[in-house]
> 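Before I ask anything, let me first share the structure, which is written out below as structure tokens.
Lettering follows sequence order; numbering is per chain, from 1.
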Number of protein chains: 2
Amino acid sequence: MKFPLPPVQTDAHAERCPVRDVLDCIGDRWSLLTLAALSNGTLRFTRLKHAIGDISARMLAQTLRVLERDGYVLRQVYPTIPPKVEYTLTALGRSLLVKIIPLIEWAGKNHPRIRKARKTYVPPAANPAL
Amino acid sequence: MKFPLPPVQTDAHAERCPVRDVLDCIGDRWSLLTLAALSNGTLRFTRLKHAIGDISARMLAQTLRVLERDGYVLRQVYPTIPPKVEYTLTALGRSLLVKIIPLIEWAGKNHPRIRKARKTYVPPAANPAL
DNA sequence: CCGTATCCTGTTCGATACTG
DNA sequence: CAGTATCGAACAGGATACGG
């Protein structure tokens with residue numbers, strides 16, 4: 001692997017702030033989307049890639065390694081030709097997803113509000129008060 | 001600002017995938033932690049910085065601009081000397097936080113499991129099956 | 001099919017110094 | 001106090017080519 005898995009925090013630091021330790025790993029660009037794509041069941045690599053849409057093979061592989069390492073995803077290899085690799089959420093992964101789904105639903109519902117806020121936003125630099 | 005706000009997706013793209021549009025903005029390294037730090041009420045810049053702990057002033061300012069732009073956080077300036085700036089969650093920000101708190105609690109509870117998974121993980125490259 | 005190796009570009013972000 | 005400007009290192013991540 002020339003994309004070494006992202007370094008994990010030291011034990012001491014992670015112990016003091018578990019949230020940070022977890023969010024550092026799954027709070028990146030692809031992890032949540034990958035977990036969500038696996039929510040409907042087992043998927044093979046290419047299917048998973050298409051389900052996410054615009055992820056590159058490189059990033060998908062890397063993301064899956066981390067999710068696998070942390071115990072969210074199970075990787076099952078069938079040494080056939082051509083090879084077949086299946087990815088499935090573990091119990092841990094599903095329990096995490098349960099907490100994430102409300103967030104995704106919230107995003108869908110409140111998106112218009114956010115778009116509107118963006119349109120009316122004036123950056124502080126343009127504000128004569130400061 | 002020499003750290004221009006992260007570009008927002010085109011209208012067409014954001015329309016098709018609101019989740020991505022939202023997660024691209026709040027799924028970064030600091031946004032969730034910043035929102036969480038504001039959950040107990042209004043905070044001034046320096047207090048907020050200390051509450052988060054290891055964020056730099058640069059990143060805190062940048063993160064707050066995005067949160068402000070998207071309508072999660074209200075920025076209130078008191079043109080006194082020395083200046084005083086207060087940050088408060090908006091109703092939108094609080095409603096988002098409600099969805100995030102379970103995630104944070106989950107992280108705290110399941111952290112040991114994750115740590116354990118990491119210790120026993122063997123990367124695929126070392127696996128002779130592939 | 002399921003990746004990895006290499007290359008390369010843009011972005012991120014901390015450190016430092018500075019200002020009203 | 002509440003930031004901004006600038007620099008530079010590290011990282012993210014796409015494109016491409018290739019391999020079992």
> Apply side chain to side chain donor-acceptor pair (under 3.5 Å) to B:W106 and list each qualifying residue two or more places apart in sequence or on a separate chain.
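Listed in chain order: A:S95.
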
> Quickly work out the A:L64 CG to C:dC1 P distance and round it to whole Å.
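Taking atom P of C:dC1 as the reference, CG of A:L64 is at 16 Å.
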
> Quick one: side chain to side chain donor-acceptor pair (under 3.5 Å) partners of A:S31, sequence neighbours excluded?
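So A:S31 forms a side chain to side chain donor-acceptor pair (under 3.5 Å) with A:D28.
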
> Compare side-chain N and O positions of B:Y87 against OP1 and OP2 of D:dC1 and report whether any pair is under 4.0 Å apart.
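No, outside the criterion.
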
> Could you work out, with side-chain contact (heavy atoms from CB on, under 4.5 Å) as the rule, every residue matching B:I104, not counting sequence neighbours?
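Counting only residues at least two positions away or on another chain, B:I104 forms a side-chain contact (heavy atoms from CB on, under 4.5 Å) with A:V19, B:A36, B:I100.
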
> With sequence neighbours left out, which residue pairs that include part of residues 33-50 of chain B fulfil the salt bridge (charged side-chain N to carboxylate O under 4.0 Å, His left out) condition?
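Counting only pairs at least two positions apart or across chains, no salt bridge (charged side-chain N to carboxylate O under 4.0 Å, His left out) contact touches residues 33-50 of chain B.
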
> Kindly give the heavy-atom pair with the smallest separation between A:V77 and A:P79, and that separation in Å.
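Reported closest heavy-atom pair: O-CD, 3.7 Å.
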
> Could you check which residues of residues 35-49 of chain A get a heavy atom under 4.0 Å from DNA chain D? Sort them by number, please.
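Nothing qualifies; none.
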
> Residues in salt bridge (Lys or Arg N to Asp or Glu O under 4.0 Å) with B:E86, at least two apart?
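Per chain and number, B:E86 pairs via salt bridge (Lys or Arg N to Asp or Glu O under 4.0 Å) with B:K84.
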
> Whole-Å distance between C:dC1 P and A:E86 CD?
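Rounded to whole Å, this separation is 14 Å.
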
> For A:A91, which residues count as a side-chain contact (heavy atoms from CB on, under 4.5 Å) partner, sequence neighbours excluded?
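A:A91 satisfies side-chain contact (heavy atoms from CB on, under 4.5 Å) with A:R94 once adjacent residues are dropped.
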
> Test of understanding: with side chain to side chain donor-acceptor pair (under 3.5 Å), list the residues that count as partners of A:R58, not counting sequence neighbours.
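Side chain to side chain donor-acceptor pair (under 3.5 Å) list for A:R58, sorted by chain: empty.
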
> Taking side-chain contact (heavy atoms from CB on, under 4.5 Å) as the test, write out the residues that go with B:A61, two or more places apart.
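Partners of B:A61 by the side-chain contact (heavy atoms from CB on, under 4.5 Å) criterion, ordered by chain and then number, come out as B:F3, B:F45.
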
> A:T42: what forms a side chain to side chain donor-acceptor pair (under 3.5 Å) with it, not counting sequence neighbours?
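For A:T42 the side chain to side chain donor-acceptor pair (under 3.5 Å) partners, ignoring immediate neighbours, are A:T88.
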
> Between B:H50 (NE2) and D:dG3 (C1'), how many Å, whole number?
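Those two atoms, NE2 and C1', are 15 Å apart.
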
> Give the angle between the helix axes at the two ends of the helix from C:dC1-D:dG20 to C:dG20-D:dC1, taking five base pairs at each end and rounding to 10°.
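The two end axes of the helix from C:dC1-D:dG20 to C:dG20-D:dC1 meet at 50°.
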
> Pick out the pairs of N or O atoms, protein on one side and nucleotides 12-16 of chain D on the other, that lie under 3.5 Å.
residue : atom : partner : partner atom : Å
D:dG13  : N7   : A:R58   : NH1          : 2.9
D:dG13  : N7   : A:R58   : NH2          : 3.2
D:dG14  : OP2  : A:S56   : OG           : 2.8
D:dG14  : O6   : A:R58   : NE           : 3.2

